[in-house]
Amino acid sequence: MEIALFILIIFVIGSIGYYTWAYGISPMPTLGQSLKGVVEQIPPYTAGPIYELGSGWGHLLVALAKHCPQAKIVGFEISPIPYWVSQLWVKLSGVQAQVERKDFFEADLSQAVWVVCYLYPGAMQKLANKFHTELPAGCRIITHTFALPGWVPIRTIQLNDLYRTKVYVYEKKAEWK
Ligand SMILES: C[S@@+](CC[C@H](N)C(=O)[O-])C[C@H]1O[C@@H](n2cnc3c(N)ncnc32)[C@H](O)[C@@H]1O
């Protein structure tokens, strides 16, 4: 029994550690003021689709689904342990949202109305290009902490939290298509 628990703990730590190393970021969740600050940017009546890139443990995904009950909400998460936990979290919360275990760079975002992400500078650079080529005109993007290189936000919010976190809102312009 103790050995099984030990193996399980090693597997969980090893898996999270491996995906953090391979994809450049841990599944650190958006909580508290930051969660509220991100969610409040989206009008509650939106029908979506809203895509969350790197949905981690599912905190933000569930909060988005509660805030926008009519929207189609999809999270992409590559790391298996956070992915499994988020699936359970979505089920237990009883909200309408889906989580896919997928690299979001391979996801088709061409129908997106909102895109939400909390990632790291390297991913933001790559996403800046993907968003230019793939997102439809009028789609809005919310990024938390890290800005999108080469894009000018339509709104920047500084939260009143310990880290003075910034939330950026962008809009895909028609001329970029
Ligand atoms: C800082 S966490 C944010 C979690 C969640 N979005 C939140 O705000 O609570 C970033 C997540 O992105 C995931 N991730 C990083 N690169 C990814 C990729 N290419 N495809 C899918 N998920 C990825 C990581 O595994 C991690 O769980």
Side-chain angles (χ1 to χ4, degrees), residues 11-42 48-68 71-93 95 97-110 112-135 139-149 156-159 161-170:
F11 171 72
V12 168
I13 294 173
S15 172
I16 293 174
Y18 169 74
Y19 280 90
T20 297
W21 169 77
Y23 284 84
I25 188 150
S26 71
M28 185 160 53
T30 300
L31 298 169
Q33 289 252 349
S34 310
L35 185 82
K36 197 164 170 274
V38 169
V39 168
E40 280 177 350
Q41 303 312 310
I42 306 182
I50 302 173
Y51 293 114
E52 188 188 354
L53 310 186
S55 46
W57 306 100
H59 287 76
L60 186 51
L61 201 69
V62 167
L64 288 167
K66 284 184 177 164
H67 181 70
C68 306
K72 176 185 174 181
I73 301 180
V74 182
F76 299 107
E77 174 53 51
I78 199 73
S79 184
I81 308 284
Y83 163 75
W84 290 327
V85 171
S86 66
Q87 281 220 317
L88 189 66
W89 184 242
V90 165
K91 272 207 182 82
L92 293 178
S93 305
V95 295
Q98 69 191 77
V99 196
E100 292 184 23
R101 184 158 178 256
K102 184 169 191 163
D103 182 337
F104 54 68
F105 287 113
E106 284 161 23
D108 175 8
L109 304 179
S110 61
V113 172
W114 287 88
V115 175
V116 179
C117 49
Y118 168 31
L119 294 162
Y120 60 98
M124 300 312 280
Q125 182 68 61
K126 267 177 88 180
L127 282 174
N129 300 332
K130 182 174 170 72
F131 291 164
H132 275 310
T133 51
E134 205 170 305
L135 292 184
C139 174
R140 290 194 169 184
I141 306 152
I142 305 175
T143 73
H144 160 351
T145 307
F146 300 106
L148 258 183
T156 303
I157 299 103
Q158 180 148 41
L159 302 175
D161 62 0
L162 188 63
Y163 306 102
R164 312 288 295 158
T165 306
K166 282 191 171 162
V167 172
Y168 304 88
V169 183
Y170 302 89

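All residue numbers refer to positions in the sequence shown, counting from 1. In each ligand, atom 1 is the first atom listed, and ligand 1 is the first ligand listed.
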Could you tell me which non-hydrogen atom of [X] sits nearest to which non-hydrogen atom of [Y], and how far apart they are?
| X | Y | value |
| --- | --- | --- |
| I50 | C68 | CD1-SG, 4.0 Å |
| P27 | T20 | CD-OG1, 3.9 Å |
| I142 | V38 | CD1-O, 3.7 Å |

Practice task
Look at the aromatic rings of Y18 and W21 and report parallel, tilted or perpendicular, splitting at 30° and 60°.
Solution key: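 Judged by the thresholds at 30° and 60°, the geometry between Y18 and W21 is tilted.
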
Report the part of [X] (side chain from C-beta onward, or backbone N, CA, C, O) that has a heavy atom under 4.0 Å from ligand 1; answer both or neither where that applies.
| X | result |
| --- | --- |
| P27 | both |
| L119 | side chain |
| F105 | side chain |
| S55 | backbone |

Look up atom [atom1] in [X] and atom [atom2] in [Y], then write down how far apart they are to the nearest 0.5 Å.
| X | Y | atom1 | atom2 | value |
| --- | --- | --- | --- | --- |
| L35 | L64 | CG | CG | 7.5 Å |
| L127 | I141 | CG | CD1 | 9.0 Å |
| S86 | W89 | OG | CH2 | 11.0 Å |

Problem - Residue F105 excluded, over 12 heavy atoms near CZ under 6.0 Å - result: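 Yes, the 6.0 Å shell around CZ holds more than 12 heavy atoms from other groups.
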
Exercise for the section: Verify the neighbour count for atom NZ of K166: are there more than 12 heavy atoms of other residues, nucleotides or ligands below 6.0 Å? Expected result: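 Atom NZ in K166 is not crowded, with 12 or fewer foreign heavy atoms closer than 6.0 Å.
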
Problem - Worked verdict on Y118 versus M28 for side chain to side chain contact (heavy atoms under 4.5 Å, CB included) - result: CA-CA 9 Å; Y118 168 31; M28 185 160 53; 3.1 Å; yes

Using a 4.0 Å cut-off to any heavy atom of [X], which atoms of ligand 1 qualify?
| X | result |
| --- | --- |
| Y118 | 1 (C), 2 (S), 3 (C), 8 (O), 10 (C) |
| K102 | 20 (N), 21 (C) |
| S79 | 25 (O) |
| E52 | 5 (C), 6 (N), 7 (C), 8 (O) |
| M28 | 1 (C), 2 (S), 3 (C), 4 (C) |
| L60 | 8 (O) |
| G56 | 4 (C), 27 (O) |

Problem - Close side-chain approach of I157 and Q41, heavy atoms under 4.5 Å - result: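 In contact.
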
Practice task
Measure from atom 19 (N) of ligand 1 to every heavy atom in L61, T30, D103, L31 and give the option owning the shortest one.
Solution key: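 Ranked by closest heavy atom to atom 19 (N) of ligand 1, first place is D103.
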
Exercise for the section: Have a look at F104, Y23, F146, F76 and point out the one with the heavy atom closest to atom 20 (N) of ligand 1. Expected result: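 It is F104 that holds the nearest heavy atom.
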
Test of proximity, [X] against ligand 1: N or O pairs below 3.5 Å:
| X | value |
| --- | --- |
| I78 | yes |
| G54 | yes |
| S26 | no |

Practice task
Please write down residue, atom name and distance for the protein heavy atom closest to atom 15 (C) of ligand 1.
Solution key: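 Going atom by atom, the protein heavy atom closest to atom 15 (C) of ligand 1 ends up being I25 CG2, 3.6 Å.
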
Problem - atom 24 (C) of ligand 1 - nearest protein heavy atom and its distance - result: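 The protein heavy atom lying closest is E77 OE2, 3.5 Å.
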
